[in-house]
Novice: 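One structure, pasted below without further comment.
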Amino acid sequence: MLRSCTAGLRSIWALRGRREGAPRLSMDLQPARRLFSTEKVIHKDWALPNPSWSKDLKLLFDQFMKKCEDGSWERLPSYKRRSTQESEDFKTYFLGSALQTQSLWKKAQLFTRGFEDGLGFEYVIFKNNDEKRTVCLFQGGPYLQGVPGLLHGGAMATMIDIALGSCTGGAVMTANLNINFKRPVPLCSVVVINSQLDKLEGRKLFLSCNVRSVDEKTLYSEATGLFIKLDPEKSST
Ligand SMILES: CCCCCCCCCCCCCCCC(=O)SCCNC(=O)CCNC(=O)[C@H](O)C(C)(C)COP(=O)(O)OP(=O)(O)OC[C@H]1O[C@@H](n2cnc3c(N)ncnc32)[C@H](O)[C@@H]1OP(=O)(O)O
């Protein structure tokens, strides 16, 4: 698996500098073109295959895309930033004025999408709305190392948080996350995070997930999470 990651990395370096938003490109661009390029990066859907994806990840992706054909599953797009009304509402109703400075808001982006292809978090989430569950396919790149050769537990926790969050809807925040790390995850390997909504109690959403290897033989982690639907009457900051 590490070998496939190294092969992927070679193509990443080959692509470096030619990708939208890469530092070498944007340095010498005219302001208007730079803005155009930035816009393209922001609106790009990152939950799609790129050359760093391993064979396992691509195979699973294709299998789930097939499941989407009858409408029972949907692939969730993923952006560095939301520019939707939903995001605006979140900003207006739930964030304090301190966080609303334009310059900060423009710079901010989802940190899992801040790495170049293959180096950090490569993932895609598929959702089954009827069954209130999601499947997240995740390949953690070399910049997510903790113990040498292994994925950092914090990186795994991040993905678990995102995976559980994908089973919710609307404006929610994580109130509690409880993870049992059962086996270490090899760096650059692909894991499958199966998440589900177990219970809805007023504004409280109780969720759980497990993280397994592609062949399902290894159980890496199990987790539960409590997410709270935000109350527009209260500010979160
Ligand atoms: C609109 C979308 C925009 C989209 C934009 C782009 C998004 C693109 C996707 C990114 C996906 C990333 C996913 C990252 C997800 C984070 O990283 S979230 C960040 C980490 N979490 C936080 O910082 C949360 C900090 N905590 C808080 O702000 C507040 O405690 C909360 C969670 C909002 C709750 O506050 P509250 O609304 O005042 O609720 P409160 O009345 O205290 O409690 C409500 C109920 O929950 C219970 N409760 C609250 N906390 C706990 C707890 N820890 N344990 C047990 N029970 C609890 C209470 O006991 C109460 O129970 P009941 O009395 O109703 O039975």
Side-chain angles (χ1 to χ4, degrees), residues 38-39 41-48 74-115 120-129 132-141 144 151-180 191 193-211 221-237:
T38 309
E39 287 294 305
V41 171
I42 291 165
H43 297 301
K44 178 179 162 179
D45 181 357
W46 296 85
L48 288 167
E74 62 168 319
R75 183 187 66 85
L76 302 182
S78 174
Y79 306 100
K80 281 182 191 260
R81 263 182 250 169
R82 290 270 180 101
S83 59
T84 58
Q85 190 58 45
E86 196 183 42
S87 175
E88 281 304 308
D89 289 347
F90 189 84
K91 191 169 66 166
T92 307
Y93 294 112
F94 301 116
L95 297 182
S97 55
L99 290 179
Q100 293 205 35
T101 59
Q102 278 300 317
S103 56
L104 181 60
W105 193 252
K106 275 183 186 161
K107 267 192 226 159
Q109 61 176 36
L110 190 62
F111 86 93
T112 50
R113 294 301 185 190
F115 295 82
F121 299 86
E122 292 295 338
Y123 62 98
V124 54
I125 299 176
F126 292 91
K127 187 167 193 172
N128 186 316
N129 283 306
K132 294 183 173 50
R133 68 187 183 100
T134 62
V135 173
C136 172
L137 314 175
F138 167 48
Q139 175 183 295
L144 305 184
L151 184 75
H152 195 289
M156 194 66 251
T158 295
M159 281 314 302
I160 285 173
D161 193 18
I162 287 184
L164 291 176
S166 68
C167 279
T168 67
V172 296
M173 279 185 106
T174 318
N176 180 275
L177 197 55
N178 199 315
I179 303 174
N180 288 315
V191 300
I193 309 173
N194 273 286
S195 309
Q196 63 187 48
L197 175 64
D198 296 323
K199 195 170 58 166
L200 181 61
E201 211 178 86
R203 291 196 291 128
K204 296 187 283 188
L205 295 101
F206 295 87
L207 301 123
S208 62
C209 74
N210 59 63
V211 183
S221 305
E222 285 178 317
T224 57
L226 171 66
F227 285 63
I228 310 287
K229 278 190 195 166
L230 297 182
D231 181 346
E233 300 297 311
K234 299 177 180 176
S235 169
S236 288
T237 53

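No experiment lies behind these values; they were computed from the predicted model shown. Order of appearance sets the numbers: ligands from 1, and atoms from 1 within every ligand.
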Novice: Which of these, Leu230, Ile228, Val172, sits in a side-chain contact (heavy atoms from CB on, under 4.5 Å) with Arg203?
Specialist: Ile228
Novice: Going by the closest heavy atom to atom 20 (C) of ligand 1, which one wins out of Leu205, Asn178, Thr168, Thr174?
Specialist: Thr174
Novice: Considering both backbone and side-chain atoms of Asp231, is one of its nitrogen or oxygen atoms within less than 3.5 Å of a nitrogen or oxygen in ligand 1?
Specialist: no
Novice: Taking all non-hydrogen atoms of both residues, which atom of Val124 and which atom of Ala47 are closest, and how far apart?
Specialist: CG2-O, 3.5 Å
Novice: Between Asp161, Leu164, Val172, Ile162, flag the one that comes closest to atom 12 (C) of ligand 1 by a heavy atom.
Specialist: Ile162
Novice: In terms of atom number and element, which parts of ligand 1 are under 4.0 angstrom from non-hydrogen atoms of Ala171?
Specialist: 1 (C)
Novice: Show me which atoms of ligand 1 lie under 4.0 Å from any heavy atom of Leu230.
Specialist: 33 (C)
Novice: When only distance counts, is Lys229 in polar contact with ligand 1, meaning an N/O pair under 3.5 Å?
Specialist: no
Novice: Might you work through the side-chain contact (heavy atoms from CB on, under 4.5 Å) test for Ser208 and Gln196, ending with a clear yes or no?
Specialist: CA-CA 6 Å; Ser208 62; Gln196 63 187 48; 3.6 Å; yes
Novice: So is there a nitrogen or oxygen of Asn176 less than 3.5 Å from a nitrogen or oxygen in ligand 1?
Specialist: no
Novice: Just go through Met173, Lys80, Glu201 and tell me whose heavy atom is the nearest to atom 23 (O) of ligand 1.
Specialist: Met173
Novice: Would Arg113 and Tyr123 count as a cation-pi pair here, with the cationic atom under 6.0 angstrom from the ring centre and within 45° of the axis?
Specialist: yes
Novice: Assign the ring pair Phe121 / Phe138 to parallel, tilted or perpendicular, where the plane angle (0 to 90°) is split at 30° and 60°.
Specialist: parallel
Novice: Test of understanding: given a 4.0 Å heavy-atom threshold, classify the contact between Lys204 and ligand 1 as side chain, backbone, both, or neither.
Specialist: side chain
Novice: What atoms of ligand 1 come within less than 4.0 Å of a heavy atom belonging to Leu110?
Specialist: 10 (C)
Novice: Check Ala163 against Thr134 and note the closest heavy-atom contact, atom names and distance.
Specialist: O-OG1, 3.5 Å
Novice: Once rounded to the nearest 0.5 Å, what's the spacing between atom NZ of Lys229 and atom CG of Leu200?
Specialist: 5.0 Å
Novice: For the side-chain contact (heavy atoms from CB on, under 4.5 Å) test, which of Asn180, Asn194, Ile160, Val191 pairs with Asn210?
Specialist: Asn194
Novice: Any nitrogen or oxygen of Ile228, side chain or backbone, less than 3.5 Å from one on ligand 1?
Specialist: no
